[in-house]
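Below is one structure, written out as structure tokens; comments come after it.
Because only heavy atoms are used, hydrogens play no part in the values below, and waters and symmetry mates are left out as well, while side chains stay in. Letters A, B, ... mirror the listed sequences (proteins, then strands); counts begin at 1. Note that this is a predicted model, so its numbers are computed, not measured.
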Number of protein chains: 2
Amino acid sequence: MADIKSGTPTLYLRDEELRKGIELLYFAYRDHNGVPDEILAEYGFGRAHHRVLHFVARSPGLAVSELLGVLRITKQSLSRVLKELVEKGYVRQETGARDRRQRPLYLTDKGSELERRLSAVQRERMARAYREAGAEAVAGFWRVLFGLIDADGRDAIKTFIEKP
Amino acid sequence: MADIKSGTPTLYLRDEELRKGIELLYFAYRDHNGVPDEILAEYGFGRAHHRVLHFVARSPGLAVSELLGVLRITKQSLSRVLKELVEKGYVRQETGARDRRQRPLYLTDKGSELERRLSAVQRERMARAYREAGAEAVAGFWRVLFGLIDADGRDAIKTFIEKP
DNA sequence: TAAATAAGTCAACATGGCTGACATAAAATC
DNA sequence: GATTTTATGTCAGCCATGTTGACTTATTTA
């Protein structure tokens with residue numbers, strides 16, 4: 001209705017396109033995490049555990065503070081899941097070589113195994129989507145997702161992901 | 001390190017590409033919901049309320065069972081947020097015309113206002129990402145996201161979104 | 001008339017965010 | 001060398017939102 005007054009008819013199409021992105025993002029994100037959630041439940045874990053496993057697998061030796069920066073949660077929230085992962089033998093903490101206050105994080109063999117199991121189902125789904133959509137679509141997928149990330153978020157992930 | 005032993009160099013690129021999609025999806029989804037979450041908090045609402053507002057705005061007159069089907073949550077979970085939205089005057093429930101057991105959902109003026117406020121910030125961010133990425137990228141974005149959705153999920157959203 | 005369906009409700013539990021306060025060890029600074 | 005800052009950990013409690021299970025009411029369908 002605001003559209004009628006605004007006199008910019010192209011806005012209709014535009015809004016429809018924006019809404020489509022918003023909804024697809026919601027449904028895709030949900031289904032992308034569906035199977036991993038079921039697997040995690042077998043272990044008494046949740047999505048938060050998965051994130052820790054993912055980023056520790058991604059950057060072995062990651063400091064706790066670095067992980068906090070990536071996840072953008074409080075240390076109390078992280079502590080809860082990290083503690084469980086360490087106690088159950090999925091994550092190992094060493095003492096920092098340069099700075100002995102730090103506790104660099106590593107996956108144990110058991111942790112690597114679970115991480116691979118979880119990421120396998122996500123990678124398979126992602127691979128299927130890539131295959132169905134084609135290489136050009138994949139490049140566009142990355143570009144738009146990157147554009148959705150906050151300015152400081154883009155900065156924070158620079159070490160992980162180069163600008164697509 | 002496992003990679004060095006595996007001897008399948010083509011796998012590197014592929015896995016890197018899949019991981020990139022997985023991580024970008026995580027960061028983009030998080031930031032996409034950041035500002036709306038803050039706005040919702042002003043009203044004492046959460047993301048679940050936003051979803052209800054979104055889909056009721058999207059399909060006025062939606063039956064409760066249809067909303068449950070789209071959101072894929074239990075009616076007890078929905079009940080909690082729907083009740084609040086109705087009590088606080090953001091959502092209105094009528095009695096179904098054809099089937100009087102149904103309670104078609106509509107946004108009140110107040111509800112529409114909030115929904116527009118929430119969707120505005122998401123649409124602005126999405127528009128910025130579209131603009132930065134270009135029209136071709138947007139098409140690819142849709143195609144890959146669609147491919148990430150479960151087979152039955154694709155079915156369920158047919159009424160909302162045509163296959164990109 | 002009986003059975004199925006749409007919606008609502010109560011209770012209890014789990015996950016994973018949050019704030020606030022405080023403790024310890026190590027590094028950095030004065 | 002003493003002090004301050006930093007990295008990490010911990011306790012306690014709150015909130016939002018998902019779950020299961022059991023049960024009710026009104027209405028439609030068979």
**Report entry** Parallel, tilted or perpendicular, as decided by the 30° and 60° cut-offs, for the rings of Tyr90(A) and Tyr43(A)
**Finding:** perpendicular
Query raised in the report: What is the ring orientation for Tyr130(A) with Trp142(A), classed by angle as parallel under 30°, tilted 30 to 60°, or perpendicular over 60°?
Result: perpendicular
Figure out the [atom1]/[atom2] separation between [X] and [N], and round it to whole Å.
{"X": "Tyr26(A)", "N": "dT17(D)", "atom1": "OH", "atom2": "C1'", "result": "12 Å"}
{"X": "Leu68(B)", "N": "dT5(C)", "atom1": "CG", "atom2": "P", "result": "16 Å"}
{"X": "Gln102(A)", "N": "dT5(D)", "atom1": "CD", "atom2": "C1'", "result": "14 Å"}
{"X": "Arg101(B)", "N": "dA26(D)", "atom1": "CZ", "atom2": "P", "result": "14 Å"}
{"X": "Leu85(B)", "N": "dA16(D)", "atom1": "CG", "atom2": "P", "result": "13 Å"}
{"X": "Leu40(B)", "N": "dA16(D)", "atom1": "CG", "atom2": "C1'", "result": "12 Å"}
{"X": "Glu94(A)", "N": "dT8(D)", "atom1": "CD", "atom2": "P", "result": "14 Å"}
{"X": "Arg98(A)", "N": "dT6(D)", "atom1": "CZ", "atom2": "P", "result": "17 Å"}

Phosphate oxygens OP1/OP2 of [N]: is one of them under 4.0 Å from a side-chain N or O of [X]?
{"X": "Arg100(A)", "N": "dA26(C)", "value": "yes"}
{"X": "Arg103(A)", "N": "dT8(D)", "value": "no"}
{"X": "Ser65(A)", "N": "dT6(D)", "value": "no"}

Requested in this report: Kindly indicate whether the side chain of Arg47(B), heavy atoms from C-beta on, has any atom under 4.5 Å from the side chain of Asn33(B).
Outcome: yes
Requested in this report: May I ask you to test the His50(B)-Phe45(B) pair for a side-chain heavy-atom distance under 4.5 Å?
Outcome: no
Report task. Scan Gln93(A) against the nucleic acid and name what it touches under 4.0 Å (heavy atoms): base, sugar-phosphate only, or nothing. Result -> sugar-phosphate
Query raised in the report: How many angstroms lie between atom CZ of Arg30(B) and atom CG of Leu71(A), to the nearest 0.5 angstrom?
Result: 7.5 Å
Query - From CZ (Arg14(B)) to CE (Met126(A)), nearest 0.5 Å - result: 12.0 Å
Report summary line: Checking dG9(D), dA26(C), dA6(C) against the side chain of Asp99(B) (C-beta onward), the nearest is dA6(C)
Report summary line: Smallest heavy-atom separation, Arg154(A) atom then Ile149(A) atom, equals NE-O, 3.0 Å
Pairs under 3.5 Å (N/O, protein and nucleotides 14-21 of chain C):
| from | atom 1 | to | atom 2 | distance (Å) |
| --- | --- | --- | --- | --- |
| dG16(C) | OP1 | Arg47(A) | N | 2.5 |
| dG16(C) | OP1 | Ala48(A) | N | 3.0 |
| dG16(C) | OP2 | His49(A) | ND1 | 3.4 |
| dG17(C) | OP1 | Arg51(A) | NH1 | 2.5 |
| dG17(C) | N7 | Arg80(A) | NH2 | 2.5 |
| dG17(C) | O6 | Arg80(A) | NH1 | 3.3 |
| dG17(C) | O6 | Arg80(A) | NH2 | 3.4 |
| dC18(C) | OP2 | Thr74(A) | N | 2.7 |
| dC18(C) | OP2 | Thr74(A) | OG1 | 3.1 |
| dC18(C) | OP2 | Ser77(A) | OG | 3.3 |
| dG20(C) | N7 | Gln76(A) | NE2 | 3.4 |
| dG20(C) | O6 | Gln76(A) | NE2 | 2.9 |
| dA21(C) | N6 | Gln76(A) | NE2 | 3.4 |

